[in-house]
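Everything on this sheet refers to the single structure shown next.
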Amino acid sequence: MNIDQIFKNNQNWVNEKLGLDPDYFKNLAAGQRPEVLYIGCSDSRVTAEEIMGAKPGEAFILRNIANMVSNLDLSAMSVINYAVSVLKVNHLIICGHYGCGGVKAAMESKDLGILNPWLRSIRDVYRLHRQELNSIEDEEEKYRRLVELNVQEQCVNAIKTADVQIAHRDRNFTVHGWVLDIKTGKLIDLNIDFNKVLKGIMEIYHLE
Ligand code: CO
């Protein structure tokens, strides 16, 4: 992608928006009231807005390697706090994707330096679900299942935050776990049964 072309594309986009609505940027500058917080992978193929058909102003977004929600990650904790407790989004989406390089790297034993602590959180997901994952013989299928279980565990990590627990208690707030299938472009709702997933552990993480 050519840098000069990016600025040309930007000007074309500005012209296109103003052609449809002369007040487009004036309205956009007035403030935001997004309905959803989307946490997805930094992978260049999994563009948050494009896959959801979201327009500027509609989705608050965080992307990092393998769509992680780490409680020591000040960025993720700040994004969740601001989106959930200040902007008051009613949907928190964690979206993983099949073919995720971060998840793949966590299935291998290679020392990746600074990436090690980040990927270790995915290894922890593997450890939590070792029994199920080790029972899957097909490597590709196991990889896909780890992508899904990683989404599930990152949803659980989001639910461990006070912001999400308070939003869930006080209003109609939902956490969603999704996966994008890069091979088809389709978004898949994992329909995670949080009552089942959280059974017996919320007494540990419950905050009020
Ligand atoms: Co990825």
Side-chain angles (χ1 to χ4, degrees), residues 36-48 51 59-86 89 92-136 139-168 175-182 188 190 192 194 197-198 200-207:
V36 305
L37 164 58
Y38 169 100
I39 298 177
C41 185
S42 294
D43 191 303
S44 60
R45 299 164 297 178
V46 191
T47 58
I51 62 172
F60 204 76
I61 287 170
L62 172 71
R63 290 170 67 185
N64 61 36
I65 293 174
N67 40 273
M68 304 300 286
V69 176
S70 162
N71 69 320
L72 289 176
D73 176 8
L74 194 54
S75 172
M77 291 302 106
S78 304
V79 164
I80 288 175
N81 172 259
Y82 189 69
V84 175
S85 297
V86 180
V89 299
L92 191 167
I93 297 155
I94 312 268
C95 185
H97 66 103
Y98 297 131
C100 184
V103 173
K104 184 82 189 167
M107 290 176 78
E108 293 163 357
S109 300
K110 204 166 184 297
D111 175 1
L112 294 173
I114 190 70
L115 272 173
N116 290 342
W118 193 259
L119 298 178
R120 204 182 67 189
S121 301
I122 309 173
R123 294 182 199 277
D124 292 339
V125 174
Y126 196 109
R127 178 168 54 85
L128 273 172
H129 297 275
R130 183 169 43 180
Q131 212 173 4
E132 177 186 347
L133 288 163
N134 283 348
S135 74
I136 303 171
E139 277 302 308
E140 184 63 25
E141 202 185 313
K142 186 185 290 192
Y143 176 22
R144 287 166 71 93
R145 186 61 185 141
L146 182 55
V147 164
E148 295 169 1
L149 290 169
N150 185 49
V151 167
Q152 179 177 306
E153 290 304 326
Q154 302 321 312
C155 288
V156 169
N157 284 343
I159 292 167
K160 289 172 189 167
T161 66
D163 297 288
V164 167
Q165 291 184 29
I166 290 164
H168 192 257
V175 175
H176 309 262
W178 297 351
V179 166
L180 183 91
D181 187 345
I182 286 193
I188 299 157
L190 295 174
I192 298 167
F194 288 109
V197 167
L198 297 169
I201 67 165
M202 276 319 283
E203 65 189 50
I204 302 166
Y205 297 108
H206 179 67
L207 303 170

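Just so you know, these numbers use all the heavy atoms, side chains as well, and skip hydrogens, waters and symmetry mates.
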- [ ] Give the minimum heavy-atom separation between Asn67 and Gly96, together with the two atoms involved.
- [x] OD1-CA, 3.3 Å
TODO: Kindly compute the distance separating CD (Glu153) from CG (Leu128), expressed to the nearest 0.5 Å.
DONE: 5.0 Å
- [ ] Take Phe60 and Tyr82 through the side chain to side chain contact (heavy atoms under 4.5 Å, CB included) test and state the conclusion after the steps.
- [x] CA-CA 10 Å; Phe60 204 76; Tyr82 189 69; 3.6 Å; yes
Open item on the list: Using 0.5 Å steps for rounding, measure from the NE2 atom of His97 to the CH2 atom of Trp178.
Closed with: 15.5 Å
TODO: Give the intermediate values and the outcome of side chain to side chain contact (heavy atoms under 4.5 Å, CB included) for residues Cys155 and Ile192.
DONE: CA-CA 9 Å; Cys155 288; Ile192 298 167; 4.2 Å; yes
Task: Note, His168 side chain near Val175 side chain (heavy atom, < 4.5 Å) - done: no
Task: For the student: nearest non-hydrogen atoms of Leu62 and Asn64, plus distance - done: CD2-ND2, 4.2 Å
Task: Separation between OG of Ser121 and CG of Leu72, rounded to the nearest 0.5 Å - done: 8.5 Å
- [ ] Spell out, as yes or no, whether a donor-acceptor pair under 3.5 Å connects the side chain of Tyr205 to the backbone of Leu198.
- [x] no
Open item on the list: Counting C-beta onward and ignoring hydrogens, is there a side-chain heavy-atom pair between Ile136 and Asn134 closer than 4.5 Å?
Closed with: no
Task: Nearest atoms (heavy-atom pairs only) where Leu133 meets Lys142 - done: O-CE, 3.2 Å
Task: Heavy-atom pair with the smallest gap, counting every atom of Val46 and Ile182 - done: CG2-CD1, 4.0 Å
Open item on the list: Side chains of Tyr98 and Glu148 only: does a donor on one sit below 3.5 Å from an acceptor on the other?
Closed with: yes
Open item on the list: If I take atom CD1 from residue Ile122 and atom CG from residue Asn150, how far apart are they, to the nearest 0.5 angstrom?
Closed with: 5.0 Å
Task: Beyond-backbone contact of Gln154 with Val125, side-chain heavy atoms, under 4.5 angstrom - done: yes
- [ ] Answer whether the closest heavy-atom distance between the side chains of Leu37 and Ile93 falls below 4.5 Å.
- [x] no
Task: Shortest non-hydrogen separation from Ile61 to Ala48 and the atoms involved - done: CD1-CB, 3.5 Å
TODO: Let me see the working for Asp73 and Met68 under side chain to side chain contact (heavy atoms under 4.5 Å, CB included), right down to the final yes or no.
DONE: CA-CA 9 Å; Asp73 176 8; Met68 304 300 286; over 6 Å; no
Open item on the list: Assess the residue pair Ile51 and Tyr38 against the criterion (side chain to side chain contact (heavy atoms under 4.5 Å, CB included)); give the C-alpha distance rounded to whole Å, side-chain angles, the decisive distance to 0.1 Å, and a yes or no.
Closed with: CA-CA 12 Å; Ile51 62 172; Tyr38 169 100; 3.9 Å; yes
TODO: Mark yes or no for whether Asn157, through its side chain, and Val69, through its backbone, hold a donor-acceptor pair below 3.5 Å.
DONE: yes
Task: Nearest heavy-atom neighbours spanning Ser85 and Asp163 - done: OG-OD1, 2.6 Å
